[in-house]
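In what follows, every chain begins at residue 1, and chains take the letters A, B, ... in the order their sequences are listed. Keep in mind the model is a prediction, meaning the values are calculated, not measured.
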2 protein chains.
Amino acid sequence: MKAPRQSDVARVAGVSQSAVSRVVSGDIDRIPQETQERIRAAVKELGYVPNAAARNLRNKRNRLLGVHTFEAVFPHAREDFYFEFLLGIEERAEEIGYDLVLFTSTGTSDGRRRIYRDGTNRLNLADGTVLLGAATDREELARLWHDGYLFVHIGRREVPGAEIPCIIPDYVSAADRLVTSLAERGHRHFAYLRSGIEQEAYADRRAGYRNAVERLDLQDRSPGFRGEPELTEEWLDELASGPETAVVAENIGLAEHLRTGLAARGLSIPGDLSVAVLEGSGDEPGHRWDCLVIPRKEIGRIAIDALVARVENPDEEPVSQLVACDLVAGETVAAPRVKE
Amino acid sequence: MKAPRQSDVARVAGVSQSAVSRVVSGDIDRIPQETQERIRAAVKELGYVPNAAARNLRNKRNRLLGVHTFEAVFPHAREDFYFEFLLGIEERAEEIGYDLVLFTSTGTSDGRRRIYRDGTNRLNLADGTVLLGAATDREELARLWHDGYLFVHIGRREVPGAEIPCIIPDYVSAADRLVTSLAERGHRHFAYLRSGIEQEAYADRRAGYRNAVERLDLQDRSPGFRGEPELTEEWLDELASGPETAVVAENIGLAEHLRTGLAARGLSIPGDLSVAVLEGSGDEPGHRWDCLVIPRKEIGRIAIDALVARVENPDEEPVSQLVACDLVAGETVAAPRVKE
DNA sequence: CCAGAGTGCTCATACGTATGAACGTGCAGC
DNA sequence: GCTGCACGTTCATACGTATGAGCACTCTGG
């Protein structure tokens with residue numbers, strides 16, 4: 001029960017293989033209606049369907065988009081990092097009639113996933129690929145780019161000498177707006193909680209934060225603002241007795257940590273200190289932080305559109321896109337408390 | 001900026017393309033160490049990577065497994081039917097080095113997904129496909145089977161004249177054990193809440209339930225047991241005053257409905273009536289029912305293994321597999337209350 | 001009646017790889 | 001010196017598709 005080929009169809013329809021190819025791939029300028037119908041009938045009769053590998057070898061598109069994540073796609077929690085992205089990716093792919101390949105085969109024993117493994121780059125099975133992952137491997141990105149492979153990356157990634165097209169949450173603007181709104185509520189003395197991880201996404205948050213602080217002439221004497229990622233007991237003591245009324249944290253983990261530290265000192269949020277977070281999806285379980293909302297589903301959709309644009313027009317220069325993030329009010333920001 | 005091919009490597013290493021192919025794909029019985037090393041060096045120098053499409057074309061396999069669901073895979077923020085299955089599917093596929101194709105392109109305007117559309121069957125892209133979906137289309141299954149396409153179905157599906165290989169939660173045994181454990185706690189008078197939907201999975205539950213009732217010589221005078229899916233006000237009244245001490249519901253929806261009806265009559269669960277459910281994953285939100293646990297992740301893994309077995313050995317007869325379901329204690333079963 | 005322009009189709013080839021068959025060489029055994 | 005054999009390598013081909021070039025034929029206008 002072998003899958004039928006174009007030549008089988010051709011035999012049934014009484015034409016050549018090329019004619020079949022022309023009809024199935026839409027190059028029908030010079031093929032009369034009547035012949036087309038005969039071929040289509042044969043296609044239907046035999047249940048012919050194009051062979052993706054062969055097509056792809058001939059450098060034709062397969063209406064197949066890859067999704068490569070550098071960690072497992074379906075981790076064990078629903079509030080999963082990828083879930084919302086995938087939602088948008090699937091939704092949009094379905095709308096425009098593309099299938100999705102999840103490149104899972106690239107797993108290694110250490111739990112990381114690599115694109116290039118024992119030599120192979122499976123990705124080229126797809127017409128193009130969306131890459132995501134907190135721990136994206138720079139070297140692989142660079143290599144992929146140099147091989148001329150079509151892809152877009154969700155989240156900013158910078159590789160020297162390569163022009164990676166990224167879909168980027170606009171952290172710069174969001175961080176700026178978040179600080180601005182705190183300032184509008186009367187806060188003047190800020191502290192910044194900085195993650196120990198160095199990543200482009202954090203750099204953007206920092207830039208936005210710094211912009212706003214300088215523009216609005218606010219005060220910040222925190223180590224995070226100076227570039228030190230410490231959240232030490234000493235600093236918490238200083239914070240408790242200092243002039244600061246608002247804290248901006250780079251991520252939720254840091255904010256939770258802060259909450260614990262403050263509680264140990266008898267301080268509450270937002271009663272004693274307002275806290276806002278530069279991360280979130282708007283529906284986290286647990287405490288409702290004032291935060292920005294990364295429109296993950298939207299980003300997934302945009303990534304697909306950007307990828308398809310590249311697939312359909314490979315010569316155009318790839319460009320990165322910023323996606324605006326809303327701010328969402330939670331229960332952790334209030335007017336500044338006057339400290340005596 | 002095109003990716004190098006074996007022939008490029010061959011030129012650099014001063015050998016033929018076949019020699020390169022032999023070395024990169026491990027057929028090195030008759031290639032001396034020295035030559036191998038020369039070739040490997042050239043591979044490294046050029047950054048050669050095998051072309052997956054060409055490989056696939058050659059050996060007729062894509063190492064690609066399909067996943068086709070008859071509804072959207074990532075339902076929209078809904079308590080998700082597929083999620084756990086996918087977890088297992090992805091996990092296992094990764095372990096054995098297969099990629100996954102999500103067939104999303106097959107969506108139609110009515111929201112349903114069809115395999116055959118304008119005569120073609122996209123599934124052929126993959127070496128084989130896992131099918132799932134509450135609303136699996138029987139006709140398409142039959143056709144797929146007759147076309148000799150390789151697939152397995154998660155959940156029992158019966159189509160006359162076709163031998164569909166299914167991965168099936170063992171509802172028969174689980175329902176039997178569930179009733180048995182209720183009987184062991186002293187229950188003798190049962191009622192059965194039957195869904196209006198006719199599906200193989202429900203038939204299994206009913207069979208298991210009936211087995212246990214007959215074997216243990218229990219009493220059941222409920223419409224559900226007789227084959228009528230009614231949960232009417234009249235019947236609830238009868239239940240409230242009747243001898244029944246335990247109710248078995250086919251799914252959680254029915255059980256919730258029952259709880260409401262009983263509450264309206266001043267009856268509580270499990271104080272007045274014990275209720276157990278023939279559905280569940282063990283971690284539903286809301287009330288903790290005594291129920292069976294469908295090992296979804298496990299089922300996903302088994303499906304992949306079954307599928308790969310078929311792919312690698314297509315001549316063997318396809319077989320269905322039962323997967324055991326655990327029972328889990330909740331808060332809705334107690335010893336029977338003596339009614340006066 | 002012929003040049004030129006369509007029209008309807010086929011030929012031939014390339015894409016990159018894997019592999020059975022074949023080839024040439026050197027060497028042992030008789 | 002010839003046969004047989006092991007070794008190292010290459011040849012040739014197939015996988016299924018897409019497509020520029022080309023062929024045979026018909027029609028149109030002059």
Salt-bridge test for A/Glu37 and A/Arg40: reply yes if a basic N is under 4.0 Å from a carboxylate O, no otherwise.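 Salt bridge between A/Glu37 and A/Arg40, a charged N being under 4.0 Å from a carboxylate O: no.
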Which nucleotide sits closest to the side chain of A/Asn51: C/dC9, D/dG16, D/dA18? D/dG16
When you check the phosphate oxygens OP1 and OP2 of D/dA18, does a side-chain N or O of A/Gln6 lie under 4.0 Å from one of them? yes
A/Arg55 side-chain N/O to D/dA18 phosphate OP1/OP2 under 4.0 Å: yes
For B/Ala54 and for B/Ala19, find the nucleotide of DNA chain D with the closest heavy atom, then tell me which residue's nucleotide is more 5'. B/Ala19
First encountered from the 5' end of DNA chain D, between A/Arg30 and A/Asp27: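 Here A/Asp27 is the residue nearer the 5' end.
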So, does the side chain of [X] form a donor-acceptor pair with the base of [N] at under 3.5 Å?
X       : N      : value
B/Arg22 : C/dG20 : yes
B/Ser18 : D/dC11 : yes
B/Arg58 : D/dA14 : yes
B/Arg5  : C/dG16 : no

Under 4.0 Å between any heavy atoms, over every strand shown, what does A/Thr35 touch: base, sugar-phosphate, or nothing? Just pick one.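 Sugar-phosphate: the residue A/Thr35, judged by heavy atoms under 4.0 Å, touches backbone atoms but no base.
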List the steps, then state whether salt bridge (Lys or Arg N to Asp or Glu O under 4.0 Å) holds for A/Glu200 with A/Arg138. CA-CA 12 Å; A/Glu200 289 88 341; A/Arg138 296 286 192 298; 2.9 Å; yes
